[in-house]
There are 2 protein chains.
Amino acid sequence: MAPGTAVRPTEGKRAGKRAAASISLGVLDDRLGYFVRRLQVWIFQDFIRRLSRLDLSPAQFSVIVVIGANPGLSQAQLAATLGIERARLVRLLHRLEQRGLTERLRSSVDGRRHALELTRGGEKVLAEATRLAEQHENGLKEKLGAKRHAMLLEMLRALA
Amino acid sequence: MAPGTAVRPTEGKRAGKRAAASISLGVLDDRLGYFVRRLQVWIFQDFIRRLSRLDLSPAQFSVIVVIGANPGLSQAQLAATLGIERARLVRLLHRLEQRGLTERLRSSVDGRRHALELTRGGEKVLAEATRLAEQHENGLKEKLGAKRHAMLLEMLRALA
DNA sequence: TATTGTTATACTCTATAACTATA
DNA sequence: TATAGTTATAGAGTATAACAATA
């Protein structure tokens, strides 16, 4: 399931001297971080593949989702919500603005802030991306089993 | 728990025009990938902090763990086991070799392969790193609760 | 003084492609 | 021809620091 896992090293067709049955993970086998990382990489790769038509990364998707759900919020608020650096958000917004999906309006209350909005085009892309992301999520449910998927989501949401 | 989550945006001390109670995650709130990513980032940050004395990244740790558990394995085997690119492994091993933790020996069976080994110093660092990683894992258990930690580990291991 | 958005820097990670030497 | 290790490149992500405008 995790990337590369299915592809076991060939081990030499003639069974090398060592004849290692299979590579051991050592103590990694008891490390939650290792498996969380593997699952995260797998999920992101699947997500990127599913949304390739829209050319939207998971990070870009999360940005337009949160702007769509909270129109007018500031960059600092958005960055804090997603847990990314303000500096990184600047470049993400540059790209999204170049593509005509988002816009930064002057805040009427605070001259330092930008009020973030989706354009009409941004809303359309968000709608389509949400549809594709739902297919991705359904694929996950099939792969993990609906019960495990729900348990995982509930457990992880409680931690955030 | 996830990075930045604890730090809610200030929202303006005088409660801005919008008076947004709290920022909504929109559909992200039902996305497993979003929460898996947040947890993974949090775990890695904690891991890096705990092992800062040894200056070992999660990736470097995983490399010396697997070499230690499978001495003599090849780079292709190691890369496939960890799900990373062979090209990236080359640079990881350069760094570890510079620090005197690992070595690449000629394989006696196949002139193309390197047999990877830990040096004496590498074994010492691995032992100490494993000790610190165990503290990191115990911290996780406290934070998630031992029961949830065990369930998560079991579920994720089954997927890998 | 503190905050918002911005620029700049450096390092890591990811994804490729191409090269060499061995098989 | 195929594989193992290597080099090179480009694009993201991460972590900082510093700056101008505004509060």
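Here the structure is a predicted model, which means the values were calculated and not measured. Numbered from 1 within each chain, the chains take letters A, B, ... in sequence-line order.
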With sequence neighbours excluded, what pairs up with A/Glu85 under the side-chain hydrogen bond (donor to acceptor under 3.5 Å, both in side chains) test?
none
Pairs touching residues 144-155 of chain A that satisfy side chain to side chain donor-acceptor pair (under 3.5 Å), sequence neighbours left out:
A/Glu137-A/His149
Considering only C/dT22, D/dT6, D/dG5, which nucleotide approaches the side chain of B/Arg104 most closely?
D/dT6
What's the closest nucleotide to the side chain of B/Val90 if the choices are C/dT6, D/dT7, C/dA2?
D/dT7
Applying salt bridge (Lys or Arg N to Asp or Glu O under 4.0 Å) as the test, list every pair that has at least one member in residues 95-108 of chain A; sequence neighbours left out.
A/Glu97-A/Arg104
Tell me which pairs pass salt bridge (Lys or Arg N to Asp or Glu O under 4.0 Å) where either residue lies in residues 42-62 of chain B, with sequence neighbours left out.
B/Asp46-B/Arg49, B/Asp46-B/Arg50, B/Arg53-B/Glu128
May I have all residue pairs that pass ring-ring contact (aromatic ring centres under 6.0 Å, His included) and include part of residues 104-136 of chain A, sequence neighbours excluded?
A/Phe47-A/His136
Between C1' of D/dA20 and NE2 of A/His114, the distance in whole Å:
12 Å
Between A/Asp55 (CG) and D/dG11 (C1'), how many Å, whole number?
12 Å
Reported OG-to-CG distance for the pair A/Ser24 and B/Leu73, which is rounded to 0.5 angstrom
10.5 Å
Does A/His94 have a side-chain nitrogen or oxygen under 4.0 Å from the phosphate oxygens OP1 or OP2 of C/dT7?
yes
Reading 5' to 3' through nucleotides 12-17 of chain C, protein heavy-atom contacts under 4.0 Å coded B for base, S for sugar-phosphate only, - for none:
SSBSB-
